Amino acid sequence: MATFIDRYPFEAKVVRYTFAVSFLFLALGAIGGMIQALHRTGYLRFIGDITDGSYYTVLTSHGVFLVIFFTVFFLVGIFTWAVTKELDRELGNPRLTKYWVTSMTVGAILTSVAIIGGFSDSVPMSADVLFTFYAPMGAHVLFYLGLTIFITGSWVAGYDWFKTWWDWKKENEGKRIPLMTFMVLTTMLMWYLGTIGVAVEVLFFLIPFSLGLVSEVNPLLTRTLFWFFGHMVVYFWLMPVYLLWYNVLPKLAGGRLFSDPLARVVFILFLLLSVPVGIHHQYVDPGIPEGFKFMMMTNTMFLLLPSLLTAFTVVASIEHGARQRGGTGYFGWLRTLPWGNPAFSGMALAGLMFAAGGFSGMINAGMNINYLVHNTFWVPGHFHLTVGTAVALTFMAGTYWLLPQITGKRLAAKKAAAVQPFLWFVGMTFMSNAMHRAGLFGMPRRTSEPQYEGFDYEPAFGTVAEIDAQVVGGGILLTLSTFLFLYVVVRTWMGTRVSADGGDEIIDDEIPPALSGPEDSPRVLDNLKLWTAIAILLVILAYALPIAHIASQGLYEGSEYFPMLLEVLTA
Amino acid sequence: MEIHKYEKAWLVGALVLIVFFISTVAYVTAVTGVDMVDESGGTIHPDDVSDDERFGDPRVEQVGENEFEVYMVALQFIFRPDPVEVPEGSEVTFYITSDNVVHGYQIVGTNVNTMVIPGQIAEITVEFDEAGEYGVLCNEYCGIGHADMEGKVIVHPEDEWEEMQGGDD
């Protein structure tokens, strides 16, 4: 049977392209991560000393390249694959598709150029403002323009998938929205809602600010708008992962998805709750009343629910798969799982680490205990388990399964691929655990040299040197693992094409239906208008008062522009 | 909609866990009195900081028998005043603002941790029950000298503090 590339050559090309861009940013981001691990710990410092600022150029690129460009380019690829494959139809309008692909690419290039300009004093451009770009620190206007063009491209991509679904619906009256498409559509609705915050921040405040059209902005307001977007975006990274965990992982384990209805409920909960929680990133911000913080904390805790439900469904589906393969006993079935298949092992290990990341996330979410860990090394320890493993490793594992479908080529370097997820798991265990521990005794995040003159850290157990060694050692393993992954991708890409008629060389792309299908669930779950309306209502309830409170202190009043560029030049 | 019995049990368990988490925080906030940094410190325009009665002259001020107030400005890349010196057993309220970019104020190894945002005054009250020297650092990226931005809180034993006060007379 012909696979994706044979049936949808244009869409396959789109997916190949977005994956290629995604992996290019993964490579650049990984190199940045390695440099940071070596520099922070003092093992090797070659990017300039404390007065140079290059560390923050690296840190900005590590953040933006990985959590914006690597993740979102992968997302648009996999969503294109999911909608096309599941609805069994081409994207309706190739010109529209080309538009968003181009727009996202141009945006990513502009922003990257602005960031990389920070390495050279002779380039009058820099954007050493980190992923959160808090005003009044300013980047070159190209940084913001690039992000704007990139995000509007992603909006059009969403429209492209919606349009494809609308066309499908006309020919399939009364049918339930197929599950992967349902996931794509709810995720994009969430994205439209959440990106409003950053769009307002960038278009009305930061771009005019960086061009000198307004002389001041209210830094608390722009921060708050950032986090309106900034927590939703973590689910935007995670939703393609859930798509793979729900639809592909059970099958890789040898079984089927446990429950289709519950998967729908989970995605609806994310649509409803992922935005009205952003202030939990601002628990220790002055100027925001405690009541608002408590309200957002309550929403945040309820956001645990969809992930806890996912944990159940995914584990149940895997266990079902294992028992189909002859697994028995309470835990004995774990042995029968295909651990040698990197697509399976990568996703399963990513899921395991996500559980650990979930636990440290619950700590961050508690607004009182957050005092202890806010802006410490604990926080990147946490999100290297979530976005840094649950997302990154699942994307890699998914690639092992998807790449043959979009290239028509067999997965190459299978032994390297089989080792890669385990290498990542071990590396991240060392690095993340050490980061968490360092945060507990107060070592800060986002700094080039967390060694101070006036005091020494007091670890509850172990030593700072031992923690540094784990960060560097873990970082080396993670970098190796990343390049092993890229090696497998390149080798596969350069392989020979399997003929379309296949013979015995069939490329596996089948996704079996769920044990409990959509017919078991009420149709109201598919009422996207209703859920969107409720989501908007919840956002208004949660955010209207805090934003009004902060905005009443002045929209264009508060702080003058601090271009990071100026500092580099005068240093 | 058919939900498997294990699935139901898990769902109920998850909800119980969530409500438990929320109630623990509600309890400590309402009963034991953990305060959040909030709007109580008020606002100040960054341009007004240097002429302000409190922040124009950053200082530690004794306002009661064991009560102190600290008016602090976070700059690129120092805290003023530094060090902050208080006696053991004192209750110290920090008012911290910034006249340039966002900074952080964290007393290392404790839960004293706040953002310092231009335009806002962070108010945070700390009880220093144990004498000793505490390290302070800026935990928000604030420019190239960020890693150099540190300070100190020195909590003096009572007799030492009295001696110091005596010496001033």
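Throughout, a chain's letter reflects where its sequence line sits, starting with A, and its residues are numbered from 1. Because only heavy atoms are used, hydrogens play no part in the values below, and waters and symmetry mates are left out as well, while side chains stay in. Quick caveat: nothing in here was measured; it's all calculated off a predicted structure.
Taking A:Lys293, A:Met367, A:Glu216 one by one and counting their heavy-atom pairs under 4.5 Å with chain B, the maximum is reached by A:Met367. Between chain B and the options A:Glu519, A:Arg446, A:Gln282, heavy-atom pairs under 4.5 Å are most frequent for A:Arg446. Counting heavy-atom pairs closer than 4.5 Å to chain B, the top residue among A:Thr376, A:Ile369, A:Ile288, A:Val373 is A:Ile288. Of all the listed residues (B:Glu133, B:Glu123, B:His4), the one sharing the greatest number of non-hydrogen pairs under 4.5 Å with chain A is B:His4. Heavy-atom pairs under 4.5 Å with chain B peak, among A:Met362, A:Met443, A:Arg445, A:Arg223, at A:Arg223. Put simply, of B:Cys138, B:Gly151, B:Ala122, the one with the most heavy-atom pairs under 4.5 Å next to chain A is B:Ala122. Per-residue heavy-atom pair counts under 4.5 Å with chain A were compared for B:Ala14, B:Gly119, B:Gly42, and the maximum is reached by B:Ala14. Top candidate by heavy-atom pairs under 4.5 Å with chain A, chosen from B:Thr114, B:Val136, B:Asn100, is B:Asn100.
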May I have the step-by-step check of side chain to side chain contact (heavy atoms under 4.5 Å, CB included) for A:Leu309 and B:Leu11, ending in yes or no? CA-CA 7 Å; A:Leu309 292 178; B:Leu11 182 69; 3.4 Å; yes
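Of the two parts of A:Phe292, neither the backbone nor the side chain holds a non-hydrogen atom closer than 4.5 Å to a non-hydrogen atom of chain B. Interface remark: B:Ser98 contributes no atoms to any contact with chain A (heavy atom separation under 4.5 Å). Of the two parts of A:Thr313, only the side chain, counted from C-beta on, holds a non-hydrogen atom closer than 4.5 Å to a non-hydrogen atom of chain B. Heavy atoms closer than 4.5 Å to chain A are found in both the backbone and the side chain of B:Glu7. Within the 4.5 angstrom heavy-atom criterion, atoms from both the backbone and the side chain of B:Glu140 approach chain A. For A:Ala135, the part sitting under 4.5 Å from any heavy atom of chain B is the backbone (N, CA, C, O) and nothing else. Only the backbone of B:Ile121 comes within contact range of chain A, judged by heavy atoms closer than 4.5 Å. Residue A:Tyr55 does not touch chain B at all, counting heavy-atom pairs closer than 4.5 Å.
Panel note: side chain A:Asn375, backbone B:Asn139; a donor-acceptor pair is recorded below 3.5 Å. Listed for the A:Tyr452 side chain is no donor-acceptor partner under 3.5 Å among the backbone atoms of B:Asp148. Counting only distance, with no hydrogens or angles, the side chain of B:Trp10 and the backbone of A:Leu308 share a donor-acceptor pair below 3.5 Å. Without hydrogens or angle criteria, A:Glu458 side chain to B:Gly109 main chain gives no donor-acceptor distance under 3.5 Å.
Nearest heavy-atom pair, A:His374 versus B:Gln106, reported as atom, atom and distance to 0.1 Å: O-OE1, 4.3 Å. The nearest pair of heavy atoms linking A:Pro219 to B:Ile117 is CB-CG2, 4.0 Å. Between A:Tyr371 and B:Asn111, the shortest heavy-atom distance links the atoms CB-O, 3.3 Å. Listed here is the closest heavy atom pair of B:Glu39 and A:Pro289: OE1-CA, 3.3 Å. Minimum interatomic distance between B:Ala147 and A:Thr447 (heavy atoms only, all atoms of both residues): CB-OG1, 3.3 Å.
Within 6.0 Å of CG on B:Asp57 lie more than 12 heavy atoms contributed by other residues, nucleotides or ligands. At most 12 non-hydrogen atoms from other residues, nucleotides or ligands lie less than 6.0 angstrom from CZ of B:Arg80. Other residues, nucleotides and ligands place no more than 12 heavy atoms under 6.0 Å from the CD atom of B:Glu158.
A distance of 9.0 Å separates OH in B:Tyr6 from CZ in A:Phe312, rounded to the nearest 0.5 Å. One distance of note links OH of B:Tyr141 with CG of A:Asp128; it measures 5.0 Å at 0.5 Å rounding.
Using a 4.5 Å heavy-atom cutoff, the side chains of B:Val25 and A:Thr298 are not in contact. Counting heavy atoms from C-beta outward, B:His146 and A:Tyr56 have side chains that approach closer than 4.5 Å. Using a 4.5 Å cut-off on side-chain heavy atoms (C-beta onward), B:Ile22 and A:Phe294 make contact. At least one side-chain heavy atom of A:Leu305 sits less than 4.5 Å from a side-chain heavy atom of B:Leu15.
No close placement of the B:Tyr134 and A:Phe455 rings is indicated, their centers lying 6.0 Å or farther apart.
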